[in-house]
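Worksheet for the structure shown next.
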Amino acid sequence: SQQGEEDPQALSIQEGENATMNCSYKTSINNLQWYRQNSGRGLVHLILIRSNEREKHSGRLRVTLDTSKKSSSLLITASRAADTASYFCATDNFNKFYFGSGTKLNVKP
Amino acid sequence: EPEVTQTPSHQVTQMGQEVILRCVPISNHLYFYWYRQILGQKVEFLVSFYNNEISEKSEIFDDQFSVERPDGSNFTLKIRSTKLEDSAMYFCASSAMGGGLNTGELFFGEGSRLTVL
């Protein structure tokens, strides 16, 4: 399976701290995406990184991709209480996008 | 801002009953997906749909499931005879591009919660 698996399963930090989540996957990919899900809501796209890219930034988000290790990380800097959500990585295999189980991030005010 | 809409938001049904979940994808999107998520667990791929036919499906998407795009705007998921284990949140998603080298982001609806009693 190409499913991404996020690590850790849960992360609790104080507001202002950085949060790092990791994703590992099993086979080669074209790209990797990160999504966010607030409790009981739909998933929202955050950022896409292509297989030929190593790092990408978007606001307070920084994503890295290491295709040799088949892993990616999502860093959220200067976290806010509003960042509390589950974060999923998604890998694609043509018209199938696989999600993992997510990292539940809790940012305490 | 364009969005994917899903109805109903919550459906309760008896085991063995048929259920149809409806989705209106973003109007200029060409690729459509159904996912399910059991009680905050992993988001599981069910099926992708392009050019009026299924392009990929998972092992979960057995003969009890079917999808249809009946009128060019709606995209439906039918479960013929529901089981207790079908209880989950079902998400519809659409994309302007499919997977592969030119992949784009998926836009998700807010989900339909299905409870099978």
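By convention in this document, chain letters (A, B, ...) are assigned in the order of the sequence lines, proteins followed by strands, and residues within each chain are numbered from 1.
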Quiz item: Are B:I79 and B:I60 connected in a single hydrophobic cluster, I mean Ile/Leu/Val/Met/Phe/Trp/Tyr linked by side-chain heavy atoms less than 4.5 Å apart?
Solution: yes

Practice problem: With a 4.5 Å cut-off on heavy-atom pairs, point out which of B:E110, B:Q6, B:K57 contacts chain A the most. | Solution: B:E110

Self-check item: Proximal component of A:E6, with respect to chain B [non-hydrogen, under 4.5 Å]
Solution: neither

Self-check item: Hphob cluster co-occupancy, A:W34 + B:F107, side-chain heavy atoms under 4.5 angstrom
Solution: no

Self-check item: Min side-chain heavy-atom separation A:F88-B:V43 under 4.5 Å
Solution: yes

Exercise. Flag the pair A:F97 / B:F45 as yes when their ring centroid distance falls below 6.0 Å, and as no otherwise.
Key: no

Quiz item: Between A:F99 and B:Y35, is the gap from one ring center to the other below 6.0 Å?
Solution: yes

Quiz prompt | Exceeds 12 heavy-atom contacts within 6.0 angstrom, atom CD of A:E17 | solution = yes

Practice problem: Please say whether more than 12 non-hydrogen atoms of neighbouring residues, nucleotides or ligands are located less than 6.0 Å from CG in B:L117. | Solution: yes

Quiz item: Taking C-beta and beyond as the side chain, do B:F91 and A:Q37 meet within less than 4.5 Å on heavy atoms?
Solution: yes

Practice problem: Might you point out which heavy atoms bring B:K42 and A:S101 nearest each other, and give the distance in Å? | Solution: CE-OG, 3.4 Å

Quiz item: Using a cut-off of under 4.5 Å for heavy-atom pairs, which of B:R113, B:M89, B:E44, B:Q37 has the most such pairs with chain A?
Solution: B:Q37

Quiz item: Would you say the side chain of B:L106 lies within less than 4.5 Å of the side chain of A:Y35, judging by non-hydrogen atoms?
Solution: yes

Quiz item: Checking heavy atoms, do the side chain of A:L43, its backbone, both or neither come under 4.5 Å from chain B?
Solution: both

Quiz item: Crowded around A:R41 CZ? As in, over 12 foreign heavy atoms under 6.0 Å?
Solution: no

Quiz item: Does B:E105 use its side chain to pair, donor to acceptor, with the backbone of A:H45 at less than 3.5 Å?
Solution: no

Quiz item: Would one find more than 12 heavy atoms of other residues, nucleotides or ligands at under 6.0 Å from atom CD of B:E59?
Solution: no

Quiz item: Got a sec: does the CG of A:N52 have more than 12 other heavy atoms crowding it under 6.0 Å?
Solution: yes

Self-check item: A:R80, CZ: over 12 other non-hydrogen atoms inside 6.0 angstrom
Solution: no

